[in-house]
Amino acid sequence: MNFYILTLIKAGLVAFVLLTTAAYLVWIERKLLAHIQLRLGPQRVGPHGLLQPLADLVKLVTKEGLIPQQVNKIYFLLAPFAAVMLALISISVIPFGPEVEIFGQRTWLQLTDLKIGVLFVLAISSIGVYGVALGGWASNNKYALLGGLRSSAQMISYELPLALAIAAPLLLSNTLSFRELVETQSGFLGGVLGNWNLWYQPVSFLVFLISAFAETNRVPFDLPEAENELVAGFHTEYSSLGFAAFFTAEYANIITACAVGTHIWLGGWQPIIAPHLGGIWVPSLVFAFFGIMSLFHATQPARRWDKYTFPVLGLAALGLAALFAIPLLQPVLVPLFWFAAKTGALIFLFIWIRGTLPRFRYDQLMRFAWTFLFPVALVNLLVTGLVVALQP
Amino acid sequence: MADDTEISSPAATLVAEPGPETAGRRTMILNMGPQHPSTHGVLRIVLELDGETIVKARPDIGFLHTGIEKECEAKFYQQVVPLTDRVDYLANLSNNLCYCLAVEKLLGIEVPRAAQWMRVMLTELTRINSHLVWLGTHALDIGAMTVFFYCFRERETICKLFEKFSGQRMMTSYFRIGGLALEPPRGWQQAAGGFLKHFPANVDEYEDLLDKNPIWLRRTQRVGQVPLERMLDLGVTGPMIRAAGISWDIRKSEPYSGYDEFDFEVPTRTENDVWARYRVRMEELRQSWRIATQALEGMPGGPWMAAAPKVVLPDREKMKTQMEALIYHFKIVTEGFRVPAGDVYQCIESPRGELGYYVVSDGTSKPHRVFMRTPSFGNLQVLPAMLEGRLIADSIASLGSVDFVLGDVDR
């Protein structure tokens, strides 16, 4: 098939999936946080609030986009779009799975593979600070200004440990392309456990995770938008689509950060356990287990409506299990499953932390970055470099 | 508010005359509040900032002024009780109690022991309720969101207990001059006992979330310190002064309503920072639980109202069968009861500190003057001393540690 048509289809698909995921990530976060905090979360729009993201979208689109007086209009309007554009761009170099054959077409489950994919993502995430800083500066609001300043300083500071943390596993893999990074992590330790960089580079993974929290402005590093201090930080003055853009950018950044972590340390789409131990059947088994549990609960309904909802859920899960068991689809679906599961686990960690930890103070945050995280990442990199150099 | 003698906008003062610290440096005025998520109501603080450092802080109060003190003068003595609920809306029963004690002192009425014990138990539940709201919002300010919901779970139970005996969750108005409005409904003691049985485990749960959390420690330790002399000068009381190492608790020093019969301790700390205030209040939760449990277990029997027919409304049954009771009822309801001329100051230990009511009577059935010495007002005065030279983020932690209620400040 024509290369251009194929790329167009893939681009549309990736954009659609990413935006939907970002929207549903909000729902998942609200639900998870609610259950951590003894609440139920969204319940009104659709069953278990499943249509809530749609309702939010309609609300945000139909709201009046207010531009306050005496703002710098160009930058004020530019900032949210810069933020969302830069957040969405880096997903284009991140693969979702290996090379597969669909309808006779061999293609990678990836938009494009850059030889310097990792560098590209780092560069884009560095530019991402412009959206926040510009938005805060252009708003003509003191809270927004403080939020923008905090965020610039924070993101630049945490950029360093982040880059150093990523550099260490790159030394092991000796490549900057995500595709090849994942390939180097194929194979199994002792023929059982996935041969991931995590086992060789646990320190750099931890440094990366902490820096990623700071880069995406999440608790405990959510100072730029600390609602209890700075009202809403850099997006105080934004409403309607401007606010929606910042919001989407934040969640897209989380997805990107988690996907990068998955690829560099967690072996991308490689399964956790070796195929001869049933690695390829894990997705089917997980869904089948879930389906059988649901059907079991349907026989003992705790609430009136459980009689109807649980069988539907159970049958859907069993259907998915069957889908994952079709040999023809397995080469496509199983890697996708592993990639989604690992990224999802990291995202779950982001949300879990939000429900648990308080917020750092600005100076403590900077001290933490420069006096702890940065030296640790540096030493880790030096040790890794030494080991790689001494290897025959 | 402490330093400004003339009534002028604090913002204007700041702009007009930059302080000596600000000379030569360009600073920014940040108007924090009255609509700010962390000023706990409608407090306005004008901050002069150098970067994120606070150079000057001027609290501006009065946005919630309701004129309650003046309104009291237009009401019969018994009609003032519901007004006192609205002063400190998180510690309504403490305010009820203080006012009732003051008027009872003027009248020379002895309240039956059962009513005294019930009052003690309910004010301690109020203290728990108030401290739970404080802990939840304080932790939320510092960013620990989940604690808030855990605290409100227990607060909900207390509110339901309040609702059971008074029909209201917050504005209970349950105490009357001479005793209690009603006998608690059947089964109430069991419900309260059920709550008290589980409460210590809940306090452990809050501490699990915060006590050993390094971020929480860093945000609270050595933050919000004020010299002790300054605190004493400004009349700081309650958990704030106890966290500065002074064991001052009116329940111990001037026992009222039979507090001397209870066994409890006054927790103190010496660090005088946000962390110490947090620890003191957490210990107070446990001590209040101890008092409430003792009160519930040893609740004496007997009448709920004093035997003072000219002050206390007669029993419904008697009112319908006895001529005398009907006359008293009619007189009290239509023209109130007369209180001998004189003045009295009664103070109690409210969740926030020393709460005092100064009631002046001119011999009629309406108070001549009711002055309220509210703890939040005194405690809030240390704010400038606490904030100046610190960071914005510290201001939030310090504000939370004062635990003020704006209704209590502005009255």
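Below, chain A is the first sequence line, B the second, and so on; all start at residue 1.
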Q: So A/Leu146 and B/Leu49, do their side chains get closer than 4.5 Å, heavy atoms only?
A: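 Sidechains of A/Leu146 and B/Leu49: in contact.
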
Q: Looking at side-chain heavy atoms only, is the closest gap between B/Val223 and A/Arg361 below 4.5 Å?
A: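 Yes - at least one pair of side-chain heavy atoms lies under 4.5 Å apart.
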
Q: With a strict 4.5 Å heavy-atom criterion, list every residue of residues 271-279 of chain B that contacts chain A, or say none.
A: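 Not one residue of residues 271-279 of chain B has a heavy atom under 4.5 Å from chain A.
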
Q: Checking A/Gln364 side chain against B/Arg218 main chain: does a donor-acceptor pair fall under 3.5 Å?
A: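 A pair under 3.5 Å: yes.
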
Q: Answer yes or no: are there more than 12 heavy-atom neighbours, outside B/Tyr89 itself, under 6.0 Å from its atom OH?
A: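 Result for OH/B/Tyr89: enclosed.
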
Q: Taking atom CG of A/Leu66 as the centre, does the number of heavy atoms from other residues, nucleotides or ligands within less than 6.0 Å exceed 12?
A: yes

Q: Please confirm whether the backbone N or O of A/Arg359 pairs with a side-chain atom of B/Arg219, one donor and one acceptor, at under 3.5 Å?
A: yes

Q: Quick one: are A/Tyr143 and B/Leu30 in side-chain contact, heavy atoms under 4.5 Å?
A: yes

Q: So, using salt bridge (charged side-chain N to carboxylate O under 4.0 Å, His left out) as the criterion, who are the partners of B/Arg281 when residues are at least two apart?
A: B/Asp403

Q: More than 12 heavy atoms of other residues, nucleotides or ligands under 6.0 Å from OH of A/Tyr75: is that the case?
A: no

Q: So, does A/Lys142 use its side chain to make a donor-acceptor pair with the main chain of B/Ile29 at under 3.5 Å?
A: yes

Q: Heavy atoms, side chains only, cut-off 4.5 Å: are B/Thr146 and A/Thr356 in contact?
A: no

Q: Within a 6.0 Å radius of atom CZ on A/Phe348, are there more than 12 heavy atoms belonging to other residues, nucleotides or ligands?
A: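 Buried by this count: over 12 neighbours within 6.0 Å.
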
Q: Taking everything shown except A/Arg39 itself, do over 12 heavy atoms lie less than 6.0 Å from its CZ?
A: yes

Q: B/Glu205: which residues meet the salt bridge (charged side-chain N to carboxylate O under 4.0 Å, His left out) condition with it, sequence neighbours left out?
A: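 Salt bridge (charged side-chain N to carboxylate O under 4.0 Å, His left out) check on B/Glu205 returns B/Arg153.
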
Q: Residues two or more places apart in sequence or in another chain: which of them pass side chain to side chain donor-acceptor pair (under 3.5 Å) with A/Trp352?
A: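 A/Trp352 satisfies side chain to side chain donor-acceptor pair (under 3.5 Å) with no residue once adjacent residues are dropped.
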
Q: Out of B/Val147, B/Leu210, B/Leu209, B/Asn213, which one racks up the most heavy-atom pairs below 4.5 Å with chain A?
A: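 Most pairs with chain A among the choices: B/Asn213.
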
Q: On a heavy-atom basis, which atom in A/Ile36 and which in B/Tyr150 lie closest, and how many Å separate them?
A: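 Scanning both residues, the minimum pair turns out to be O-OH, 3.2 Å.
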
